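Taking it in order: structure first as structure tokens, then the write-up.
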Amino acid sequence: MARESSAASGDESKLLADLTADQQAAVVHGTGPLLILAAAGSGKTRVITRRVAYLLSQGIRASNILAITFTNKAAGEMRRRVDQLVPGNRVTITTFHSLGARLLRQYADRLKMDPNFTIYDTTDRNKLIKDALDLAGLDNVKFTPDRIGGGISKAKNQLLTPDRFQATSADYFTQVVARIYAIYEKRLRDANAVDFDDLLYLPALALKHDEELRAELDSRYQYILIDEYQDTNHAQYELVRRLARDYDHLCVVGDPDQSIYGWRGSNIRNILDFERDYPEATVITLDRNYRSTPNILAAAGHLIEHNVHRKQKSLLTDNPPGDPVRILTFDTGLDEAELVVERIRREVLDGKARYRDHAIFLRINALSRSLESAFVKHGVPFQIVKGLAFFDRKENRDLLAYLRLLVNPQDDLSFQRVVNEPPRGIGAKSIEHLKAYAEDRQISLLAAAGDVLKIPAIKGKAAAGLRDFHQLMTGLRSWLEQPPDVVIREVIDRSGYRAMLKAGDEDDQERLANIEEMITAAQQFAQEDPTRTLGNFLEQITLASDVDSWDEQQDCVSVMTLHAAKGLEFPIVYMLAMEQGLLPHERSLAKDEEIEEERRLCFVGMTRAMRQLNLCHAKLREFRGQALYTVPSMFLDELPKVPTTIERVDLSGRNAYGAAMDAWRRGGSPAAEGGWDDTGVRGRSSGSPGAGGGGYGSPIRPTPRPVVHSDDDEVQYRPGMIVEHETYGRGKITDISGYGAMRRMKIRFVTAGEKVFVAQKAKLRILSVPD
DNA sequence: AAATACATAATTTTT
DNA sequence: TTATGTATTT
């Protein structure tokens, strides 16, 4: 592959200098397939990055290189690092889904698609399926949109068209899925929309059926690098296989022990069978760990040994031993949150670490609530890494629906969402008629709305409303070429959405502020690259992942799910709620395979820790309003028994009710006593404590939640004030504008950066007043 | 057609 | 605890 030697040897040695022999071998590997089995913390990102740079240094054209990562965040990070090594390169670094979307838009003509298609997320998908279920007259009690959707997703992952899927469906459930799949697919196409799976499914099928296109892309992407290969699914596998036939310089990197997306269709066999699929493949194993202490690795290694379906492999490191891994026991989930936050605070006050050195991992997002209040209470800066929350708010979804409909007039789902928002006198009946009319003529709902005067069944207010709505959208179309933020402003003004909120109560004011924030986001998006369109903005939002919203610059504690933590590292890690039913999650307890995946998830979390790892569990956890006794995670019992490696710290029974709880528990709930019961289900507090309570009063009353808000509405805020917000903690008012309900203030938070609030609505406590 | 009140159901992980 | 859907009223 060495073209003439523009390969400056100086560059080359710089690229290899601080790498081990194995890592170097991976970086300089020449042509043909390459499998890099990279254990946790073995520096794989570094290897991929260097390899991209190395390929460039060898004269490989940037346009011939394709690097695929798991999240946009990871793509951005790799982009940054490659750019540092080779400034101004034009290597394609992206995710599978973004690549799919790009290919679909680029080759829309050839694929007989409209390039302005909308990408439907899971919520949209489920709505469409619900409609299809209603249409098919199936009671959606047993066939929930979610389950059917999962079935369809699986089918698409296997690259099965509705017809092919129908042919292979054996049992009743799959037959129903097949039926709905066919209807759903037609609805999608009619709406000029694709779902997440389509972003892989459609390109994969295109490459399968269009040899010319396949060959073209194969030769364009001659050098392909794929990170997190253990989490690829069948569609991705097929896609890659077809892109790497004539030019098989395919480098995949992964670790079977970190495969945690089986539930989403990823197939661990992709990596395990790589050598079978590519017999010419070179295999390089990176098993030296540069991240964690031997104790952490011993603990994680001992745990993962319990997986039966696994290639034996050990984690090695030269790092000094460090602290033992700690198992922390608390009374309640609230205690857990409080004390963990306190410990972190102490660590920082003692100057042993910064806030940003700490991360807290959770199995499920719902667990983050109690943490939030604990952080605020102790004034510890934090960020909860959960990306889509902001765009999931009703007002933002409404706005996005308007924008989608604007870009893609065929998007019937978005049409239905906003046609009567704000109210235009268009009710369910009118929509029924409109749908019937559109169905007959095979036109979109928006087009049908343009014909409303020809539909005799719709009259009066509804007819006028539909006509107005059609005119509104037609009028707005001319704004499409404008920058995203300009379009958004026009939409909220002309649609009456702004007016609707302006007239409303204080909740509406907050909604308005959210919309303003969205405009700011769009503005920033356009500023980064002026060629970006509204369509780009919409796509970016839908394809954003949770970690994408993570800001590693801030000095604050990061809270995230175990899934989001993949690929990251932190000096000090806390894993919370390590209890049977949560980790492993109860929905995975029935199948050994799924428990193994949970164990890998646990392994992933543990191996994120660099120097300190704390595994936490509480005896009592509040869940869905009521308190449940817990059973410690089976994984805690699968750790080494060596006391120098694992240290147990019991922080329970420190307060009155903690002691009472233990007493009550001994008397009142024998099922939950010691270990976990053989069903593996979490212990359950059964109704009233009865006589076992022993005079301590109600033992399961949790400590009251701290409430932080202003005393009255007449608070006079002023710039320079230091205030405390329920969610974001401490901040300083930097700017105030507007009056009455429209009065807004800008607050710069220690944690969350600058945010805008509606003065009347914001719940703030004033901490200090400037002179 | 729209707003309100009430019941009830459900909660993994995510591109 | 929360969100969602259904029934009831205006």
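Just so it is clear, the structure is predicted and the values come from calculations on it, not from any experiment. FYI, side chains are in, hydrogens and waters are out, and symmetry mates aren't considered; it's all heavy atoms of this structure. Every chain is numbered from 1 and lettered A, B, ... according to where its sequence line falls, protein lines coming before strand lines.
- Using a 4.0 Å heavy-atom cutoff across all strands shown, Leu199(A) reaches no nucleic acid atom at all.
- Cation-pi check for Arg189(A) over Tyr184(A) is not met; the charged atom does not lie both under 6.0 angstrom from the ring centroid and within 45 degrees of its normal.
- No cation-pi contact links Arg621(A) to Phe623(A), judged by a cut-off of 6.0 Å to the six-membered ring centre and 45° from its axis.
- When rounded to the nearest whole Å, the span between CD of Glu597(A) and C1' of dT14(B) equals 12 Å.
- Considering only side-chain atoms of Arg369(A), the nucleotide from dT14(B), dT12(B), dT2(C) that sits closest is dT2(C).
- Within the 4.0 angstrom heavy-atom criterion, no nucleotide atom of any strand lies near Asn72(A).
- Of the candidates dT12(B), dA3(B), dT14(B), the closest approach to any side-chain atom of Arg587(A) belongs to dT12(B).
- Atom CG of Asn126(A) and atom P of dT4(C) are 12 Å apart (whole Å).
- Asn420(A) comes within 4.0 angstrom of sugar-phosphate atoms only, judged by non-hydrogen atoms across all strands, and of no base.
- Here dT13(B) presents its P atom at 15 Å from CZ of Phe70(A), a figure rounded to the nearest Å.
- Arg532(A) forms a cation-pi arrangement with Phe525(A), by the criterion of a distance under 6.0 Å to the ring centre and an angle within 45° of the ring axis.
- When side chains are defined from C-beta on, Lys619(A) does not count as touching Thr332(A), because their heavy atoms never get closer than 4.5 Å.
- Residue Thr122(A) is classed as a base contact, given a heavy-atom separation below 4.0 Å to a base.
- When each of dA2(B), dT12(B), dT14(B) is scored by its nearest atom to the side-chain atoms of His585(A), the top-ranked nucleotide is dT12(B).
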